[in-house]
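Computed from a predicted model, the values in this text were never measured in an experiment. Both backbone and side-chain heavy atoms feed into the values below; hydrogens, waters and symmetry mates do not.
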There are 2 protein chains.
Amino acid sequence: MSANKAESTRTATRSDRGVVAMDVARAAGVSQKTVSRVVNGDPHVSAAVQERVREVIATLGYRPNRAARNLVLGRTRTIGLLSVGTTDYGPSALMVGTEVAVRRAGYSLLVVNTIEEDESLISAALADLVDQGVDGIVINEPVGSFTLPTDLVGDRPVLSLSGHYGISTSEIALDADQPSGGRIATQHLLDLGHRTVHHVAGPSTFRSAALRTIGWRDTLVAAGREVPDVRYGDWTSRSGHAVGAELAADPTVTAIFSANDQMGIGVMRALAEAGRRVPEDVSVVGFDDIPEAAYLARALTTVRQDFVGMAGHGVARLVEAIETPRRQDITESYPISLVERETTAPPPPRGI
Amino acid sequence: MSANKAESTRTATRSDRGVVAMDVARAAGVSQKTVSRVVNGDPHVSAAVQERVREVIATLGYRPNRAARNLVLGRTRTIGLLSVGTTDYGPSALMVGTEVAVRRAGYSLLVVNTIEEDESLISAALADLVDQGVDGIVINEPVGSFTLPTDLVGDRPVLSLSGHYGISTSEIALDADQPSGGRIATQHLLDLGHRTVHHVAGPSTFRSAALRTIGWRDTLVAAGREVPDVRYGDWTSRSGHAVGAELAADPTVTAIFSANDQMGIGVMRALAEAGRRVPEDVSVVGFDDIPEAAYLARALTTVRQDFVGMAGHGVARLVEAIETPRRQDITESYPISLVERETTAPPPPRGI
DNA sequence: CTCCGCTTTGTTTGCGCTCACATCTGATCC
DNA sequence: GGATCAGATGTGAGCGCAAACAAAGCGGAG
């Protein structure tokens, strides 16, 4: 009975599920464990056996079952990415950089996007990742004020590309030096002779937006200049255009620092529509250095971040943390630089 | 001995791996199978037991082990995405759309990017996905002429967002109607009175690029117009700028159809640098309708595709195919439309 | 020539879960 | 009131793999 049943079960299984290690073992005349050893590169296998097994694997088209391996190892060689679900350049670049680095390290990438700015949805997405059994997590989510649930993540290493969260006992927080970016942009405009600099900020829920704003404000305060009201956009050109229209109506505005390039594009359009020239009448500085920035009608002066490099560096450290676990809590800044192009110039002469 | 050993093993396991269904079962005074039933929403569980088990699950923080479930089910509720690793709007939008749709369907998304145009690398990436045990595959890879390996994918359903590959016994090929896009753009320019239309194409390895070019050429031929040499870019503004410079130097050029908006931006810049105005001297039509298109100094006339909608529709069909397997081979086109803005106008008057 | 220690290979076990089946309870019917 | 049946719960097995342990083979030191 038992033999019978086992036999029939195995046969059914084989047709249902494909070739398993045992099939290879039988065909090669070795034990299943030896097949496992060959597959995993165990050195304690004679060359002859190794070759025979490899041959059988090739002819049978055997591919190890990942689920089984994951189950027994308790690891998946998978990294989860929590990202904001937009097509914006920043998040996209971070994502591409992450994927490349993850794959280079021999891991797979599981992606979860959240368009929502809702804490519970983000937590749910995070839970999803944990449930999938990822070995590590990358958070490329610009969540500002949220406190994400600690117990969910446990001691799984976390790489945060947008500031420190404190949700794991092994966290690596890596971020472009956003405040410096805001400072550089603002200082550049001040150095050109502008009295003050107006600011189009990103959504206040985004930590990066808030930090750029801080850099801008600090610079103005340090220089003893008037600090205009902050205008908020939502990262899109459309919002930049709307905010820009208001700014364009104010003749005292001569310099604008936009928290990203897309909004800067909208601002410039609004300026043009109001008959104000860039940079002759108004200077504009963007942020990110999107690939199009240099090819706009007026090439945009902007602050460059190395998204891909940052993601790559961060993932490398994350993998390190996964493979040699330890408690750690690192926070690092990534350098940032100004790219001067055509949209900034000294202010127009004033009648004073 | 066995009891002893089992006990110690279990204890070690518990501390290593966390809470498992058996722990919940013991705490709730039911069998492990009943816990499984509750977790999976089996209706044949009394309300009382259900509630008790749920409570224990919550207090113990039990989360089912995905690997174990995958192993026994032979399915992962995971979909793999093979995408081109760029930050371009099209691929990004397709990816976001895919992710959202996949998650809505209760699946997870495994992403593999390939920047390379190397067939073997793409095949390797595909193999990676299959090894991970994905239930279905989305190919958002603009590979033109490659014949991807059939045996790898087997009968796993495939959704192709870039044409038909014939690599699975259950394939859904969905694509924006690229030739129509090329036709609409070209016809629009012809209708405005231009004698012919010059074309900046995407890389020839991209199927979508080739199809847009076909639409363009067909329209010119049908109208009996001269068909200028195709100029090739690489989708970037930089390449558009380079090609645009050549075109700008030719005074007979009055209309340009660019295979994407980014290259269109570069073309317009080159035109401006050569002192040729858009649209007074030269008309430009782009492709994709990136979010910035409407906010450029000259709002770009372009061909709009609904990336997100297409991905969502396609994924829905893919999930359908996964859940009720059948042999199929569907090819569908997704509609496309012209968005007329400021960069197209009748040609300048000629001295004839 | 024996014993030790090394490498190579096999056997057994269990990872955590779901399925098929067995069992038990209580209600329903004539 | 006992046969019947439906629903609720438990039992045993096995998914495919790798770890621990055991056994066999082999060479060299004494």
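- Ranked by how close their nearest DNA chain D nucleotide is to the 5' end, B:A68 and B:Q50 are led by B:Q50.
- Heavy-atom contacts from other residues, nucleotides or ligands closer than 6.0 Å to CD of A:E51 number 12 or fewer.
- If you check residues 31-41 of chain A against DNA chain D, the residues with a heavy atom closer than 4.0 Å are A:Q32, A:K33, A:S36, A:N40, listed by number.
- One atom, CG of B:L73, and another, P of D:dG14, lie 17 Å apart when rounded to the nearest Å.
- The side chain of A:V72 sits closest to D:dG16 out of D:dG16, D:dA8, C:dT18.
- With contacts defined as side-chain heavy-atom distances shorter than 4.5 Å, the pair B:V24/B:V19 qualifies.
- Distances shorter than 4.0 Å separate none of the side-chain N or O atoms of B:S46 from OP1 or OP2 on D:dG7.
- The NE2 atom of B:H44 sits 14 Å away from the C1' atom of C:dC19 (whole-angstrom rounding).
- When the C1' atom of D:dT9 is taken as reference, atom CZ of B:R52 falls 11 Å away, rounded to whole Å.
- The two atoms that bring B:A27 and B:V56 nearest to each other are CB-CG1, 3.6 Å, heavy atoms only.
- Atom-to-atom, CE of A:M22 to P of C:dT11 comes out at 9 Å; the value is rounded to the nearest Å.
- Contact between B:I139 and B:S162 at its shortest, heavy atoms only, is O-OG, 4.0 Å.
- Counting only heavy atoms from C-beta outward, the side chains of A:V20 and A:D23 approach each other to under 4.5 Å.
- Between the CG atom of B:L71 and the C1' atom of D:dA18 there is a distance of 13 Å, rounded to whole Å.
- Taking atom CG on B:D42 and atom C1' on C:dC17, their separation rounds to 15 Å, with Å as the unit.
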Side-chain donor-acceptor distances from residues 307-322 of chain A under 3.5 Å, at least two apart:
unit_1	atom_1	unit_2	atom_2	d
A:H313	NE2	A:E332	OE1	3.4
A:R317	NH1	A:E332	OE2	2.5
A:E320	OE2	A:R326	NH2	3.4

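- Atom CZ of A:R26 is separated from atom P of D:dG16 by 11 Å (rounded to the nearest Å).
- Among the nucleotides D:dT9, C:dT9, D:dG16, the one closest to any side-chain atom of B:V45 is D:dT9.
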Got a list of side-chain donor-acceptor pairs under 3.5 Å for residues 126-133 of chain A, not counting sequence neighbours?
unit_1	atom_1	unit_2	atom_2	d
A:D131	OD1	B:R63	NH1	2.5
A:D131	OD2	B:R63	NH1	2.8
A:Q132	NE2	B:S108	OG	2.7

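- B:R69 places its CZ atom 14 Å from the C1' atom of C:dC19, with the value rounded to the nearest Å.
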